[in-house]
Amino acid sequence: MHVVTLISARNDPRVSRSLAEQAQYIIGEAEMFWLERDTACDLVTEDAPDAATREALSRLALSAAVDCAVQPVAGRRKSILIADMDSTMIDQECIDELAAEIGLKDKVAAITARAMNGEIAFEPALRERVALLRDLPVARVSDVLATRIQLATGGTTLVATMRANGAYTALVSGGFTLFTQEVARQLGFDENRANRLDVTDGVLTGTVAEPILGADSKLAALHEIASARGVDAGDVLAVGDGANDLPMILAAGTGVALHAKPAVAAKAPFRIDHSDLTGLLFLQGYKAEQFIAA
């Protein structure tokens, strides 16, 4: 059995019954189940949709500005969530916001964008950006967290709902522990992993502790966490937006590019372009009434 899921943002419901019936017609024969009226719908079919059917469904979804996912029914609900932080579980890139404190946001953000789209290597790009933060008082991190960082819509509900259903949740970031510790606490993650900024006498030294947590480290974290929980990568939902997230996205049972950079979205098995983070719950077959409001 396979399921086609149509998903829109909850604050902009676009999955009408008419749209669901059009998708049903394209599939040929499918049973309709509503996960949330006008927002998310499952269409369950006995056979896997072929390439032509998937292409037609993609065109329909694109025309309606909704997300569309096709997957086997069995095993769609995962027991581990591994999530990126910057531009995934929060709306900003922390290093860009730190740079804003010293008037260098545009310069740093340009490097960040290139690294996240895979145009330049992540590790040297991180070292280059961190060097520009030299002599910034570490106390400014608290100011940035309080005034510049916003949790992504649906994140607390995603984490709370998965944890309530027995899942383990890990925030694995190429950013910095000074941010992930607080963001993970606010969102309710079980653990967090990130890079450590070097600090001397209360100011940033302009260096980051080695080894840098990049793409390979994120992939290793996925396998390590899964092994510790007695499962394999197939039972992991991994979500991110940048090139350093792609290896873990490709390795996971459900790998999702969320509002991702073009190079990442093009390669990811699943992509969420319109929904917020609750789309990852609909993707797993949760109904809206099963969501846990944190």
Side-chain angles (χ1 to χ4, degrees), residues 1-78 81 83 87-88 152-155 157-158 161-162 234 236-241 245-246 249-250 252-288 290-291:
M1 303 291 287
H2 276 67
V3 58
V4 175
T5 308
L6 302 175
I7 307 168
S8 68
R10 301 183 80 194
N11 64 356
D12 184 20
R14 291 174 173 266
V15 184
S16 64
R17 185 169 190 89
S18 173
L19 181 71
E21 288 175 345
Q22 290 179 66
Q24 198 174 33
Y25 177 79
I26 290 171
I27 296 166
E29 186 173 339
E31 192 169 0
M32 186 184 302
F33 300 93
W34 287 97
L35 302 174
E36 185 172 42
R37 186 67 62 178
D38 297 326
T39 299
C41 176
D42 272 350
L43 298 167
V44 179
T45 180
E46 185 172 343
D47 299 318
D50 59 23
T53 300
R54 288 173 182 251
E55 177 60 29
L57 288 168
S58 294
R59 289 197 300 270
L60 176 67
L62 182 63
S63 70
V66 304
D67 297 310
C68 180
V70 181
Q71 61 185 313
V73 172
R76 69 190 291 206
R77 189 168 292 191
K78 304 304 183 185
L81 168 67
S87 298
T88 300
T153 303
T157 298
L158 169 65
T161 302
M162 289 190 68
V236 176
L237 188 158
V239 58
D241 74 302
D245 298 311
L246 194 54
I249 287 173
L250 294 174
T254 300
V256 183
L258 180 87
H259 305 160
K261 308 303 182 289
V264 180
K267 296 177 182 177
F270 299 92
R271 56 190 291 177
I272 295 291
D273 296 323
H274 306 287
S275 174
D276 59 38
L277 284 162
T278 58
L280 302 184
L281 294 172
F282 290 132
L283 193 62
Q284 296 177 81
Y286 286 97
K287 294 182 178 180
Q290 296 174 300
F291 291 2

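If you're wondering where the values come from, they're calculated on a predicted model, not measured in any experiment. Positions are given from 1 along the sequence.
Between the side chain of Gln71 and the backbone N or O of Thr5 there is no donor-acceptor pair closer than 3.5 Å. When atom types are taken as modelled, the side chain of Lys267 and the backbone of Pro262 share no donor-acceptor pair closer than 3.5 angstrom. Formation of a donor-acceptor pair under 3.5 Å by the Ser63 side chain with backbone atoms of Leu60 is found in this model. With hydrogens and angles ignored, the 3.5 Å screen pairs a side-chain donor or acceptor of His259 with a backbone N or O of Ser275. A donor-acceptor contact shorter than 3.5 Å is absent between the side chain of Glu46 and the backbone of Met1.
Smallest separation of non-hydrogen atoms from Ala20 and Leu43: O-CD1, 3.8 Å. Heavy-atom minimum distance, Leu35 versus Gly285: CD2-O, 3.8 Å. The nearest pair of heavy atoms linking Leu250 to Pro269 is CD2-CD, 4.0 Å. Nearest approach of Ala265 to Ala260, heavy atoms of both residues: N-CB, 4.1 Å. In this structure, His2 and Pro72 approach most closely via the heavy-atom pair CD2-N, 3.7 Å. Between Val15 and Cys41, the shortest heavy-atom distance links the atoms CG1-CB, 4.0 Å.
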(request) Could you please spell out the steps behind the side-chain contact (heavy atoms from CB on, under 4.5 Å) verdict for Val66 and Leu19? (result) CA-CA 10 Å; Val66 304; Leu19 181 71; 4.0 Å; yes

(request) Determine, step by step, whether Leu81 and Leu158 satisfy the side-chain contact (heavy atoms from CB on, under 4.5 Å) criterion, reporting the C-alpha distance in whole Å, the side-chain angles of both residues, the deciding distance to 0.1 Å, and the verdict. (result) CA-CA 9 Å; Leu81 168 67; Leu158 169 65; 3.9 Å; yes

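Contact annotation: the side chain of Ile27 approaches that of Val4 to within less than 4.5 Å [non-hydrogen atoms, C-beta and beyond]. Taking 4.5 Å as the limit, some side-chain heavy atom of Leu280 sits within range of a side-chain heavy atom of Val256. Side-chain contact check for Leu281 versus Met162: some heavy-atom pair is nearer than 4.5 Å. At a threshold of 4.5 Å between non-hydrogen side-chain atoms, the residues Thr53 and Ile26 count as touching. Between Val239 and Ile249 there is no side-chain heavy-atom pair separated by less than 4.5 Å. Within the 4.5 Å cutoff, the side chain of His274 has no heavy atoms near those of the Ser8 side chain.
How far CZ of Phe282 is from CG of Asp276: 8.5 Å, rounded to the nearest 0.5 Å. Interatomic distance, CD1 of Ile272 versus OG1 of Thr88, reported as 12.5 Å (0.5 Å rounding). In this structure, the separation between CZ on Arg77 and CG on Leu283 is 11.5 Å, given to the nearest 0.5 Å. Atoms CD1 and OG1, on Ile7 and Thr278 in that order, are 8.5 Å from each other to the nearest 0.5 Å. Distance check, rounded to the nearest 0.5 Å: SG of Cys68 to CG of Leu57 gives 5.0 Å. Here the CZ atom belonging to Arg10 is positioned 12.0 Å from the CG atom belonging to Leu277, to the nearest 0.5 angstrom.
Between Asp42 and Arg76 a salt bridge is recorded (basic side-chain N to carboxylate O distance below 4.0 Å). Between Lys287 and Glu36 no salt bridge is recorded (no basic side-chain N to carboxylate O distance below 4.0 Å). Ion pair Asp241/Lys261 flagged as a salt bridge, since at least one NZ, NE, NH1 or NH2 atom sits closer than 4.0 Å to an Asp/Glu carboxylate oxygen.
Only one option out of Met32, Glu31, Arg17, Glu29 pairs with Gln24 in a side chain to side chain contact (heavy atoms under 4.5 Å, CB included); it is Met32.
A 6.0 Å sphere centred on CD of Gln290 holds more than 12 heavy atoms belonging to other residues, nucleotides or ligands.
Within the structure, ring-ring contact (aromatic ring centres under 6.0 Å, His included) pairs that include any residue of residues 8-43 do not occur (at least two apart or interchain).
Scanning for salt bridge (charged side-chain N to carboxylate O under 4.0 Å, His left out) contacts around Asp12 gives Arg14, with sequence neighbours left out.
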